[in-house]
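Scope of the values below: all heavy atoms of this structure, side chains included, with no hydrogens, waters or symmetry mates. Order of the sequence lines sets the chain letters (A, B, ...), proteins ahead of strands, with each chain counted from 1. No experiment lies behind these values; they were computed from the predicted model shown.
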Amino acid sequence: MAKTNKLVLIDGNSIAYRAFFALPLLNNDKGIYTNAVYGFTQMLLKILEDEKPTHILVAFDAGKTTFRHKTFGEYKGGRQKTPPELSEQFPFIRQLLDAFKIKRYELENYEADDIIGTLASYAADGNWDVKVFTGDKDLLQLVTPDVEVVLTRKGITEVEAYTVEQVNERYGITPHQIIDMKGLMGDPSDNIPGVPGVGEKTAIKLIKQYGTIEKVLDSIDEISGAKLKERLTENKEQAIMSKELATITKEAPIEVSLEETNYDGYETSSIFPLFKELGFNSLLERLGGDEEILQDEEKEELNFKTVTKIEADMLTSPSSIIVETLTEDYHKAKIHGFAVSNDAGTFYIPSSVADQSEEFHEWLQDQNQKKRMFDAKRAHVALHGQGIVLNGIDFDIQLASYLLNPSESLDEVADVARQYGKSNVDVNEAVYGKGAKKKLPEDEAVLAEHLCRKAHTVFQLSDLLDEKLKENEQSDLFYQLEMPLALVLAKMEEFGVKVKSDTLQKMGADLDIQLTALEKDIHDLAGVSFNINSPKQLGEILFEKLNLPPVKKTKTGYSTSVDVLEKLEGKHEIINKILIYRQLGKLRSTYIEGLLKVVKEDTGKIHTRFNQVLAQTGRLSSIDPNLQNIPIRLEAGRKIRHAFVASQPGWKILAADYSQIELRVLAHISQDENLIEAFKTEMDVHTKTAMDVFHVEESEVTSEMRRHAKAVNFGIVYGISDYGLSQSLGITRKEAGEFISSYLDSFPGVQQYMKDSVSEAKHNGFVSTLLHRRRYLPEINSRNFNLRSFAERTAMNTPIQGTAADIIKKAMVDMDQRLTDEKLEAKMLLTVHDELIFEVPENELQKLEEIVCEVMESAVELDVPLKVDVNWGDSWFEAK
DNA sequence: CACGGCACGC
DNA sequence: GACGTACGTGCCGTGT
């Protein structure tokens, strides 16, 4: 029988606490902390959406003392004071609930638990479904067939619902026995004493056996263990009292009836103003806040002119220039219009006008006409597609903004504008729509204004951001490195890389055959046909049909990842075949089919896009296709590289990669003598690490020791945790932790660097690289262990990875210059983090090899040498 | 169309 | 003592 009423009871204090600690200390534009309110709101919206309650109430604790203090004066004693950053948010949470028209209630002398317990008991007449939301496990005692308790798990909106069965499954006892368990084990957070020496395990064992505390105490004689017996005897009364303290009352004298919790939903009109005040723009949008509300401030009037004929005085220097493209992939993007802004005014130049104007094209190509832009690389490539070379790029506010703070989103002009307090430009989505419905506005005047607003904003922000770069001592990084690099990347993207489609197709056909055979074998072994690519179906086959032991679970079911399957190898023939199927399937879908899809038909080339403003460490990323994850580790995958060749007959592919660049950087910035020595004497760094970590001579280093040492080095470079290291080596977390401390003992300079880097982050709020790249780490002071630890590892790792990124970027800019200076025909094609790939005519091979080594090795001067390995051949495969 | 699971590189 | 643990991109399957 479906029940008529659905009652949701929320433990307000608990959820607020939870939200506060789960989120970084956000504040709105007026400096009011809002993270708890924000998290609370998210939770509330989710509950309303998921549960659709007919009745709802949020209970709060009232005052400092409760009836429990009469029983035990020190109840909740020693508890840390609520941080003021949280306290000040409670009034907003109350306002929020009022805006949502949700009943809230608190009662002198009682805790939120008691209000919830009492109301839940009111609703026990069989007509009610009750759900209690809290972060406090104590409330599990309220679970009955009618009452579910939903505990927050991690983050804000991830929760776990407990029914009677689930309580039993988790603790092995019934919900009302929770209080007996608590009575025995106590609760340090509430200062409930319990019985000293009895923890969760013992408590559960005893309660399972005897049922209640009282029965346990009656049967002390038969309990085994002299010490336990003694403790129980001595603390009888304390145990009974603890149980009393832990018991939630169902008879609090509340003055609220079930009827009063009736809920008819909310009206956005009362919620939007509050969201606006708090700065909850994403939530506003989620609730369908319309544009007027989203853009609360009237955009200031902008004077601009739509140009029908280009006049000389419109194109002065400096100017900002918008080259508008709508398609994400700018290689094939159409240009829908231009806008220019400068001291003379702001002008919309329709494509039709621009196309006809020789003068405009000349201006675009004029090196001396300084241009301020947003994402100049996109414009450069798009114009290149029209046969126009864009010159004179002077300032890119997207790049500048990335250097000032790489963690901000920077997809469009409006993002940067918002960050620097300008709200005079619309987001693209508001003008063009999104997804399948994305299109130019019907009215060209709308487009004109949008582009002009962008142009105007870019022009204004350039000066401001230039100033900020100076303050941060990032002007060199910007003007000498990232700006020129953008142009180098544009040229690489435009030039593209030749890929032999027929080679890929042949490999694809081979894979098809192997995959078909594997699929048949797997289905035969399973005894049933199913989709091997579906983790869900595969999980059911392996762990239910074939009864293999499930090693790990994911949120949605059994995990079937490689490490799980590897543990099952040998238990069933099917496993190995699945592993091979996965490996080959990945090759086929991502690398064969994926690459074939993006080969340009007429030229046989692929044109990736490098994202220069995304990675938090300063690295580049690559999309469409991603050329930075082409297989190399396993032979079958490495063969893909056969398809990457030079674009002209007789030319070669040359690859130059930095050897151990991150560890060399670490040696330099940490000034660890041991590590510096290792590189100065050209030792194998992993072997050296193994010698020091395991305290053995070079000749005694086994391959296993070297493998472990290599993983530790890997961990240092990538900032992984003891957990991460344990996963990659298949050892326990404790062992991994020991490796790490042993490593740090052997390299005291590194240890000191790690400490310094964290305190630098705490002190400045950011860490930086050799060339002054920054990464802010606001969570370094978080009280949330997780967030803080992550920030600490990031503080140690980012200067290493980021400096390595600085170096290779510098090498690219220098290399581009050298190729021009030396009048070489060779082309730089790609970069893969620590590697540069070129195509080169045979007669330039020797010269290029020389130059590449020289340029890369001297990109910056470190206290250890930089070493570069160069290889070449007919394809990327041979250049190894 | 968004999300989760998985896998590739550095 | 929990928490959920390098950064990216892209594929597939699943559920809305």
Side-chain angles (χ1 to χ4, degrees), chain A residues 18 21-22 135 137 152-155 158 188-189 199-200 406 434-436 530-539 552-565 578-579 582-595 597-598 608-611 614-634 636-638 640-641 657-658 660-662 714-728 733 736 775 782-794 796-798 800-802 804-805 808 831-835:
Chain A
R18 188 74 195 192
F21 287 107
K137 294 190 178 72
T152 52
R153 273 193 59 204
K154 58 172 181 189
E158 217 175 289
S189 70
E200 184 176 312
K434 69 167 168 180
F530 68 101
N531 186 345
I532 308 166
N533 283 323
S534 160
K536 187 165 168 254
Q537 294 180 32
L538 180 61
K552 197 167 77 178
K553 283 205 164 193
T554 65
K555 291 192 251 205
T556 51
Y558 306 107
S559 168
T560 65
S561 59
V562 185
D563 51 317
V564 169
L565 295 183
I578 292 169
L579 282 167
R582 277 258 177 89
Q583 195 200 331
L584 300 185
K586 173 84 179 175
L587 287 180
R588 181 170 66 177
S589 65
T590 304
Y591 297 106
I592 302 288
E593 288 168 0
L595 279 174
K597 254 186 269 179
V598 293
T608 188
R609 278 137 53 214
F610 291 104
N611 196 334
L614 187 140
Q616 299 297 298
T617 50
R619 277 184 168 184
L620 298 168
S621 73
S622 149
I623 55 168
D624 250 8
N626 181 354
L627 291 176
Q628 302 193 316
N629 70 346
I630 303 299
I632 188 163
R633 248 180 54 246
L634 301 168
R638 191 174 197 156
I640 302 275
R641 294 173 178 233
D657 65 290
Y658 279 113
Q660 302 295 352
I661 186 166
E662 282 97 352
F714 181 88
I716 299 290
V717 167
Y718 290 115
I720 61 174
S721 56
D722 53 355
Y723 173 85
L725 181 64
S726 74
Q727 290 296 299
S728 68
R733 192 173 156 161
R775 182 171 183 180
S782 168
R783 288 164 308 276
N784 178 314
F785 174 86
N786 248 334
L787 296 176
R788 192 178 61 247
S789 306
F790 182 46
E792 286 170 357
R793 293 203 303 277
T794 308
M796 305 181 230
N797 151 258
T798 294
I800 304 173
Q801 239 194 76
I808 191 150
T831 167
V832 188
H833 304 312
D834 63 354
E835 183 182 10

Looking for any heavy atom pair under 4.0 Å, which part of the strands does [X] touch: base, sugar-phosphate only, or nothing?
| X | value |
| --- | --- |
| A/Q727 | nothing |
| A/S789 | nothing |
| A/V717 | nothing |
| A/Y723 | base |
| A/T794 | nothing |
| A/Q616 | sugar-phosphate |
| A/L787 | nothing |
| A/R638 | nothing |

Return the value, rounded to whole Å, for the distance between atom [atom1] of [X] and atom [atom2] of [N].
| X | N | atom1 | atom2 | value |
| --- | --- | --- | --- | --- |
| A/K434 | B/dA2 | NZ | P | 6 Å |
| A/R588 | B/dC8 | CZ | P | 15 Å |
| A/N797 | C/dG8 | CG | C1' | 13 Å |
| A/L587 | B/dC8 | CG | C1' | 9 Å |
| A/K552 | C/dG4 | NZ | C1' | 12 Å |
| A/Y718 | B/dC10 | OH | P | 8 Å |
| A/I640 | C/dT9 | CD1 | P | 20 Å |
| A/N786 | C/dA6 | CG | C1' | 15 Å |

[N], OP1 or OP2 - any side-chain N/O from [X] closer than 4.0 Å?
| X | N | result |
| --- | --- | --- |
| A/T556 | B/dG5 | yes |
| A/K536 | C/dG15 | yes |
| A/R793 | C/dT5 | no |

Polar side-chain atom of A/Q616 near backbone of A/P406 as donor-acceptor pair, under 3.5 Å =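 Yes; judged by distance alone, with no hydrogens or angles, the pair exists.
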
Using the side-chain heavy atoms of [X], tell me which of these nucleotides is nearest: [options].
| X | options | value |
| --- | --- | --- |
| A/I632 | C/dG4, B/dC10, C/dG15 | B/dC10 |
| A/F790 | B/dC6, C/dC7, C/dG8 | C/dC7 |
| A/R641 | B/dC10, C/dG8, C/dA2 | B/dC10 |
| A/S721 | C/dG4, C/dT5, B/dC10 | C/dT5 |
| A/K555 | B/dG4, B/dC6, C/dC3 | B/dG4 |

With the threshold set at 4.0 Å, does a side-chain nitrogen-carboxylate oxygen contact exist between A/E662 and A/R619?
->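 Yes, this pair counts.
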
Side-chain touch [X]/[Y], heavy atoms, less than 4.5 angstrom:
| X | Y | answer |
| --- | --- | --- |
| A/I808 | A/I661 | no |
| A/L565 | A/R582 | yes |
| A/E593 | A/R588 | yes |
| A/R793 | A/S721 | yes |

Indicate whether the side chain of A/T608 and that of A/S622 have a donor and an acceptor atom separated by less than 3.5 Å.
->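 Their side chains do contain a donor-acceptor pair, which is all the 3.5 Å distance test asks for.
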
Is the closest side-chain donor-acceptor distance between A/S782 and A/R788 under 3.5 Å?
->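 A/R788 and A/S782 do not have a side-chain donor-acceptor pair below 3.5 Å.
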
Would you mind pulling out the nucleotide paired to C/dA2, Watson-Crick or G-U wobble, both distances under 3.5 Å?
->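 The answer is none; no pair meets the criterion.
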
Check step by step if side-chain contact (heavy atoms from CB on, under 4.5 Å) holds for A/K552 and A/D563.
-> CA-CA 10 Å; A/K552 197 167 77 178; A/D563 51 317; 3.3 Å; yes

If we take the P atom in both C/dG4 and B/dG9, what is their distance in whole Å?
->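 Going atom to atom, P in each nucleotide, I get 29 Å.
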
On a whole-Å scale, what distance lies between the P atoms belonging to B/dC6 and C/dT5?
->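 The answer is 14 Å between these two P atoms.
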
Do A/R582 and B/dC6 have a side chain to base donor-acceptor pair shorter than 3.5 Å?
->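 A donor-acceptor contact between them is absent.
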
Taking only nitrogen or oxygen atoms into account, show me every contact under 3.5 Å that the protein makes with nucleotides 10-12 of chain C, one pair per line with its distance.
unit_1: C/dG10; atom_1: OP1; unit_2: A/D624; atom_2: N; d: 2.7

